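Residue numbering restarts at 1 for every chain, and letters A, B, ... go by the order of the sequence lines. Everything numeric here is computed off the predicted structure, so don't read it as measured data.
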Protein chains: 2
Amino acid sequence: MEVALVAVAGRWATLVLREPMHGPASYGELWARLPEISSKVPAERLQVLGERELVARQRLPGFPVRTTYRLTPAGQALRPLLVELYRTGARPAGVQR
Amino acid sequence: MEVALVAVAGRWATLVLREPMHGPASYGELWARLPEISSKVPAERLQVLGERELVARQRLPGFPVRTTYRLTPAGQALRPLLVELYRTGARPAGVQR
DNA sequence: CGGTATCCACGACGATACTG
DNA sequence: CAGTATCGTCGTGGATACCG
């Protein structure tokens with residue numbers, strides 16, 4: 001459980017994971033979907049997600065530099081967990097805010 | 001997701017939830033299952049879990065005082081999430097430590 | 001554009017001591 | 001037995017500034 005939690009429990013981690021879930025996403029796209037946040041935060045998240053090989057980075061040639069992020073198979077394996085997190089949090093008679 | 005995560009992501013939260021999952025558990029039982037931890041930690045966890053009405057406290061009469069904790073229906077609703085956390089963390093090709 | 005470097009603040013974690 | 005009180009430490013989150 002700890003193992004799964006460290007992957008998913010950091011601040012904004014779920015949102016950072018959700019973008020590349022349905023296909024490659026650039027850093028800017030990712031960032032734009034996060035509400036008013038410093039650029040450091042997704043960078044940090046992506047770094048640890050990269051180290052754990054949950055997301056893969058790919059730099060595109062040219063200028064300005066572009067990078068796309070995609071989920072590795074291990075990253076895709078987190079999907080059911082994210083779904084369950086959503087279901088549990090959204091459950092009507094469920095967990096209190 | 002945030003809602004579900006705050007319920008489950010605190011340190012030792014999963015272990016604190018697991019004990020009363022299969023029936024009432026006393027504070028001492030709970031504590032004994034946690035590896036070498038200060039008594040403050042489960043107390044703190046149980047307090048917030050109580051405030052969120054995920055666990056219910058019941059004091060037994062007599063001396064010394066005994067208290068049993070049981071999960072509320074909302075607490076039971078966390079079960080699929082805990083199962084999924086376990087599955088994801090334990091998956092062979094899964095998330096890296 | 002896609003980051004890194006530096007610094008700060010706050011809250012969680014945990015030890016120790018104490019209480020009803 | 002079942003906690004509370006107090007205090008210290010450390011990590012995380014975040015702002016701001018800067019770089020290739």
Open item on the list: Quick one: does any side-chain atom of A/T67 pair with a main-chain N or O of A/Q58 as donor and acceptor, under 3.5 Å?
Closed with: no
TODO: Please list, by residue number, the residues of residues 58-67 of chain A whose heavy atoms come closer than 4.0 Å to an atom of DNA chain D; answer none if no residue qualifies.
DONE: none
Open item on the list: Tell me which pairs pass salt bridge (Lys or Arg N to Asp or Glu O under 4.0 Å) where either residue lies in residues 55-73 of chain B, with sequence neighbours left out.
Closed with: none
Open item on the list: Is there a side-chain contact between A/E2 and A/L5 in this structure, where contact means two heavy atoms from C-beta onward sitting under 4.5 Å apart?
Closed with: no
- [ ] Give the angle between the helix axes at the two ends of the helix from C/dC1-D/dG20 to C/dG20-D/dC1, taking five base pairs at each end and rounding to 10°.
- [x] 50°
Task: side-chain N/O A/R57 vs C/dG2 OP1/OP2, d < 4.0 Å - done: no
- [ ] Hey, could you give me the OG1/CZ distance between B/T88 and A/R79, rounded to the nearest 0.5 Å?
- [x] 13.5 Å
TODO: Measure the CG-CZ distance between B/L30 and B/R18 for me, rounded to the nearest 0.5 Å.
DONE: 11.0 Å
Open item on the list: Among residues 13-28 of chain B, which ones have heavy-atom contacts with DNA chain D below 4.0 Å?
Closed with: B/S26, B/Y27, B/G28
Task: B/Y69 (side chain) donor-acceptor with B/E19 (main chain) under 3.5 angstrom - done: no
Task: Test item: A/W31 side-chain N/O and A/I37 main-chain N/O as donor-acceptor pair under 3.5 Å - done: yes
For nucleotides 13-15 of chain C, which of its nitrogen or oxygen atoms have a protein nitrogen or oxygen under 3.5 Å away, and what is each distance?
{"residue": "C/dC13", "atom": "OP1", "partner": "B/R11", "partner atom": "N", "Å": "2.7"}
{"residue": "C/dC13", "atom": "OP1", "partner": "B/R45", "partner atom": "NH2", "Å": "3.3"}
{"residue": "C/dC13", "atom": "OP2", "partner": "B/R45", "partner atom": "NH2", "Å": "2.2"}
{"residue": "C/dG14", "atom": "OP1", "partner": "B/R11", "partner atom": "NH1", "Å": "2.4"}
{"residue": "C/dG14", "atom": "OP2", "partner": "B/W12", "partner atom": "NE1", "Å": "3.0"}
{"residue": "C/dG14", "atom": "N7", "partner": "B/K40", "partner atom": "NZ", "Å": "2.8"}
{"residue": "C/dG14", "atom": "O6", "partner": "B/K40", "partner atom": "NZ", "Å": "2.8"}
{"residue": "C/dA15", "atom": "OP2", "partner": "B/S38", "partner atom": "N", "Å": "3.3"}

- [ ] Provide the start and end nucleotides, 5' to 3', of the part of DNA chain D that has atoms under 4.0 Å from heavy atoms of chain B.
- [x] D/dC1 to D/dT6
Open item on the list: I need the CH2-P distance between A/W31 and C/dT4, as an integer number of Å.
Closed with: 13 Å
Open item on the list: Given A/L49, which partner from the list A/L71, A/V55, A/L78, A/V8 fulfils the side-chain contact (heavy atoms from CB on, under 4.5 Å) test?
Closed with: A/V55
- [ ] Indicate yes or no for a side-chain donor-acceptor contact from A/S38 to the backbone of A/V41 under 3.5 Å, with no hydrogens or angles considered.
- [x] no
